[in-house]
Each structure stands twice: as C-alpha cells, then as structure tokens.
Amino acid sequence: MSETATLSLGDRSYELPVSVGTEGECAIDIRELRGRTGYITLDPGYANTGSCLSDITFIDGDRGVLRYRGIPIEQFGSDPNFVEVAWLLIFGRLPSPEEYRCFAADLTAHANLDEGMKYHFEGFPRSAPPMAILSAMINALSCFYPEYLELEDDVTFRMMAARLISKIRTIAAYSYRHSKGQPYIYPDPKLRYVPNLLHMMFSQPYVEYECEDVVRDALNLVLILHADHEQNCSTSTVRMVGSSQANLFASCAAGVCALWGPLHGGANVEVLRMLEDIHRGNVTPEDYVRRAKSKDSRARLMGFGHRVYKSFDPRAKMLSVVAERLLMTLGKPDPLLDIARKLEEIALEDPYFVERKLYPNVDFYSGIVLRAIGIPINMFTVMFAIGRLPGWIAHWWKQIRTQPGRINRPRQIYTGNGLTDYVPMAERESNVG
Ligand code: ACO
C-alpha cells in the first residue's frame with residue numbers, strides 16, 4: 001500500500017497521498033487540499049513547495065550532488081561539449097552520433113539573425129544593459145518566426161529549440177558589439193558552437209579571433225555547469241509564463257529577466273565587483289565577511305549560499321579547478337583568484353557561515369573563468385543565460401506536454417482592509433502639508 005500523510009484540522013482528519021521520487025525525496029500531494037478542507041498552504045519563497053514531478057535534473061543539496069538526466073555533472077568535465085548536453089537535457093538521453101550531427105548542423109544553419117533585427121540593436125543606447133537587450137531580442141524572435149508560435153508537434157519543437165539555442169549566441173555577441181560601437185561579425189559556419197560565439201564577439205573585420213583549445217573547453221564547461229538546475233527562479237519563471245501557453249520565445253525572454261537579479265544569475269557580476277573592490281584595497285576580505293554577517297547591513301557575501309545546497313555546490317568545486325588550470329595554461333595569473341580563495345577560507349571557518357551551511361555557489365568562481373577568457377563583466381550574466389537556455393527549453397516543453405492547459409496560479413491569504421466604502425474625491429481630506 002502506498003504511504004499517506006494524515007492532516008488534522010479541528011476534529012477532522014484527512015489522508016493525503018505521498019509522492020516519492022526515484023532518489024527517495026518525498027512530497028505530500030496537496031492537489032485536492034482546498035477542495036476537501038477549505039485550507040491552502042502558505043509558503044512564501046516556495047522553499048517547501050514542489051511545483052511538478054520532473055525527470056530532467058536531480059539535485060541532492062545535502063550531499064552536493066547534481067545530475068543531468070541521471071549523469072553526474074563531473075562526468076562532463078573531461079571533454080566538455082555544451083551542444084551534446086543541451087540535447088541530453090531537452091530530449092532526455094544522449095544523442096546518437098547521427099542525431100548529434102543533425103542538431104549541430106541545425107545550430108550552424110540557423111545562427112544568423114534576420115537582417116531586420118539589426119535595426120532593433122541600433123535603437124538601443126550603447127550603454128544599454130546586455131541582459132535587457134537579450135531579453136528584448138529573444139522576445140522579438142516571436143515577430144520573425146510566427147510559424148513557431150503555435151507548437152503542434154515534436155519536429156517543430158526541435159526546429160524551434162535549435163533556432164533559439166543558435167540565435168541566443170548571435171544576439172549575445174551583437175549586444176556586445178553594439179555596446180562597443182563595433183561592426184557585427186556574422187557567424188562562421190566552419191566553427192563549432194563555442195568558438196563561433198567567441199568569433200562573433202571578438203573577431204574584427206580585418207583580424208580573425210583565434211580560439212585556444214583550453215579557452216574553448218573552459219567556456220564549454222561553464223555553459224554546461226549552468227545548463228540546468230531544476231526549479232530555480234528563472235526556470236520557474238519560464239514555466240510560469242509558459243503555463244499561460246505563451247510561446248517559447250516569450251517564456252525564455254521572461255527567464256532572462258528573472259536570471260538578471262543579483263540574488264540569482266546576476267550574482268556572478270556582484271562577485272567580481274566584490275573581488276575587485278578588495279583588490280583595489282577599498283575593503284579587506286575580513287571586512288567584507290563582517291559586513292555580510294551584520295544584521296544592520298543588506299550586504300551579503302556574494303557567490304555564497306544557496307536555497308538547495310547545504311554543502312559544497314559541485315559546480316563551484318569544478319569551476320575553482322578550471323579557473324586555476326585556465327590561468328596557469330594561459331600564463332595569466334589573476335590576483336582575484338587568490339582573493340576568492342582567501343574569502344572562501346575565512347567564511348568556511350566562520351561559525352556564521354558554518355551554522356547556516358553557506359558554501360560557495362556556482363557564481364563564486366565562474367566570473368574568474370569568464371574574465372580569463374576575456375569576457376567583459378557586463379556580459380557575465382548573458383553567458384549564464386546562454387548556458388541556462390537548454391534547461392529552460394527542456395522544462396518548458398516538459399510542462400507543455402505533461403500539463404496541457406493547467407495554468408500556474410498560486411493563491412494568497414488576504415490581510416488587507418475589510419469591506420471599505422469608496423469616498424468621492426471631493427469628500428476626501430487633503431493630506432498636503
Ligand atoms: N551572505 C551572508 N549571509 C547569508 C548569505 C550570504 N551570501 N546567504 C544567506 N545568508 C544568511 C541569511 O541572512 C539568513 O540568515 P538568518 O537566518 O540569520 O536570517 C540565512 O543565511 C538564510 O538565508 P536565506 O536568505 O533565507 O536563504 P535563501 O535560501 O532564501 O537564499 C540565496 C539563497 C538567495 C542564494 C542567498 O544565499 C544569497 O543571497 N546569496 C548571495 C547571492 C548569490 O550568491 N546568489 C546566487 C545563488 S546561485 C544562483 O542563483 C545561480
């Protein structure tokens with residue numbers, strides 16, 4: 001017999017079904033709670049709310065485990081290939097050589113943007129935040145590909161997913177070129193996903209950017225480590241928007257906005273600013289940690305802490321190694337890496353961080369890797385978005401296929417005025433002065 005949970009409310013009790021995942025996580029299924037009891041659950045921040053059953057990504061936050069479709073992320077480290085991982089997340093298994101070749105060919109074929117989109121870039125000020133441009137331009141794809149706005153079948157979905165994964169890279173590169181006032185560089189069909197992104201960002205009409213293997217591998221790994229993280233803020237946003245049956249472009253544009261915030265993907269920018277601040281001598285690592293602990297300050301130790309991980313974030317561990325290796329191979333030591341290690345050491349010995357189980361998260365070392373590659377700081381969160389896109393697409397599609405027609409719509413407990421009469425303007429007291 002399957003397990004149930006018993007809920008007592010006054011003199012009545014209710015049996016509620018329990019759902020158990022493949023790795024043993026348990027949930028009390030409250031889908032019928034309100035209908036049967038008149039009560040809802042209250043969970044601001046959703047820390048105890050499961051929004052779906054999902055077979056895409058597994059995290060064990062206590063043991064620092066992250067697996068994509070069952071595969072531990074550490075196994076993607078030796079020969080990192082972001083496109084293969086994107087396929088895995090979206091379609092549920094590793095691609096056959098033939099499937100991989102087809103998908104990669106689709107990405108190559110659809111890298112270009114409609115020439116009309118260039119005029120949109122022109123309209124943005126040079127100083128426009130690239131995340132704003134990215135979100136706007138992903139949404140603008142809806143105008144250029146109306147044939148994908150109503151998704152009927154797997155084949156159309158596959159074409160749409162390939163176009164989006166390919167074009168986000170071109171949009172990202174163009175937003176960078178625009179901010180520099182440099183001419184747009186067209187995608188090169190001879191190049192693979194990551195070298196093509198760097199080519200569009202850094203080549204000049206008269207000088208070809210040459211991508212070193214170590215740089216290619218490091219960026220592939222950065223993208224892979226960001227590729228999915230189950231029901232995080234931006235993925236939940238994509239699912240929320242998608243639940244209204246908004247199209248994939250609109251849903252992912254919303255995901256970019258959610259990712260932008262400093263408590264989510266924007267933390268990679270804040271971490272680097274923090275490290276630079278310490279490097280300039282404006283503040284010591286000890287002061288930073290002290291400030292982050294103070295209840296009088298809103299400051300936090302950026303790149304530390306996580307809603308799910310209560311031990312080491314495995315992505316941070318891998319990125320710390322990649323940062324070291326990359327800097328050594330390129331012969332470009334970076335004092336910010338030493339500062340990051342010092343901060344980590346201080347925090348991990350401090351009872352405040354130990355008691356709250358706050359460890360470095362993915363954003364703590366990713367900025368150092370991106371900086372070594374030559375990515376400017378205002379493009380850090382854009383890189384995160386390129387990486388996270390396959391995860392958004394996978395969750396969006398899963399939701400469309402498994403929950404058709406069910407809109408996401410939480411409830412609330414109202415705490416405002418009781419019944420109140422409207423007062424006409426002329427009868428209201430002035431509160432000026
Ligand atoms: N520095 C100092 N204190 C912290 C930090 C931090 N980085 N993170 C959490 N805490 C403290 C909180 O003040 C709180 O203390 P209290 O119990 O005394 O009130 C306690 O730890 C629990 O923190 P919450 O905010 O409740 O944890 P939550 O799960 O809501 O937040 C989050 C997780 C947003 C990641 C948080 O740890 C944080 O703000 N970290 C810094 C920003 C960051 O690195 N974000 C990237 C996360 S990874 C990603 O999204 C890709």
Side-chain angles (χ1 to χ4, degrees), residues 42-50 57 59 61-62 64 66 68 73 131 221-238 255-275 277-278 283 285-320 340 343-370 377 380-392 395:
L42 189 59
D43 183 23
Y46 308 136
N48 298 290
T49 297
T57 286
I59 303 175
D62 295 325
L66 171 59
Y68 294 158
I73 47 146
M131 285 296 273
L221 191 60
V222 168
L223 297 181
I224 288 171
L225 295 180
H226 289 86
D228 191 39
H229 217 231
E230 45 116 309
Q231 309 307 320
N232 59 85
C233 175
S234 54
T235 302
S236 296
T237 301
V238 169
V256 171
C257 295
L259 187 71
W260 192 357
L263 295 191
H264 191 15
N268 56 14
V269 171
E270 300 304 323
V271 170
L272 211 90
R273 286 199 182 126
M274 172 179 79
L275 298 176
D277 219 20
I278 296 173
V283 60
E286 289 78 5
D287 281 341
Y288 230 108
V289 170
R290 204 169 303 124
R291 214 187 290 166
K293 293 192 299 183
S294 164
K295 290 287 164 210
D296 302 330
S297 148
R298 282 170 60 87
R300 290 196 159 187
L301 187 55
M302 299 313 284
F304 255 74
H306 198 276
R307 170 62 60 80
V308 180
Y309 291 117
K310 300 303 166 198
S311 73
F312 260 97
D313 178 336
R315 302 167 300 173
K317 269 193 202 166
M318 290 175 78
L319 285 170
S320 158
L343 268 175
E344 179 182 333
E345 189 187 305
I346 297 171
L348 293 183
E349 282 174 4
D350 189 308
Y352 175 97
F353 290 88
V354 175
E355 281 157 20
R356 288 169 180 75
K357 300 187 176 159
L358 303 170
Y359 291 84
N361 60 48
V362 68
D363 294 314
F364 197 65
Y365 287 106
S366 63
I368 296 174
V369 177
L370 292 174
I377 188 166
F380 281 10
T381 317
V382 171
M383 293 295 139
F384 192 150
I386 297 174
R388 183 55 53 91
L389 184 63
W392 291 339
H395 286 275

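A quick note: this is a predicted structure, and the numbers were derived from the prediction, not measured. Order of listing sets the numbers, starting from 1, for every ligand and every atom in it. Residue numbers count from 1 along this sequence.
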Task: Under-4.0 Å protein heavy-atom contact, atom 39 (O) of ligand 1 - done: yes
Open item on the list: Tell me whether atom 33 (C) of ligand 1 lies less than 4.0 Å from at least one protein heavy-atom position.
Closed with: yes
State the atoms of ligand 1, each with its element, that fall below the 4.0 Å cut-off from a heavy-atom position in [X].
X      : result
Ala267 : 43 (C), 44 (O), 45 (N), 46 (C)
Arg307 : 28 (P), 29 (O), 30 (O), 33 (C)
Gly305 : 35 (C), 37 (O)

Open item on the list: Can a donor-acceptor pair be found, under 3.5 Å and without considering hydrogens, that links the side chain of Asp313 to the backbone of Pro360?
Closed with: no
What part of [X], side chain, backbone, both or neither, has a heavy atom within less than 4.0 angstrom of ligand 1?
X      : result
Arg356 : side chain
Leu263 : both
His306 : both

Open item on the list: Within a 6.0 Å radius of atom OH on Tyr352, are there more than 12 heavy atoms belonging to other residues, nucleotides or ligands?
Closed with: yes
Before signing off on this row, confirm whether [X] and ligand 1 have an N or O atom pair separated by under 3.5 Å.
X      : result
Lys310 : no
Asp363 : no
Met302 : no
Arg315 : no

May I ask whether [X] places a heavy atom under 4.0 Å from ligand 1?
X      : answer
Phe384 : yes
Gly45  : no
His226 : no

TODO: Determine, considering heavy atoms only, which of Asp350, Val271, Leu301 sits nearest to atom 1 (N) of ligand 1.
DONE: Leu301
- [ ] Identify which one of Leu275, Val283, Ile346 satisfies the side-chain contact (heavy atoms from CB on, under 4.5 Å) criterion when paired with Tyr288.
- [x] Val283
TODO: Answer with yes or no whether the side chains of Ser366 and Asn268 bring together a donor and an acceptor at under 3.5 Å.
DONE: no
Task: Mutual orientation of the aromatic rings belonging to His264 and Phe384 [parallel < 30°, tilted 30-60°, perpendicular > 60°] - done: perpendicular
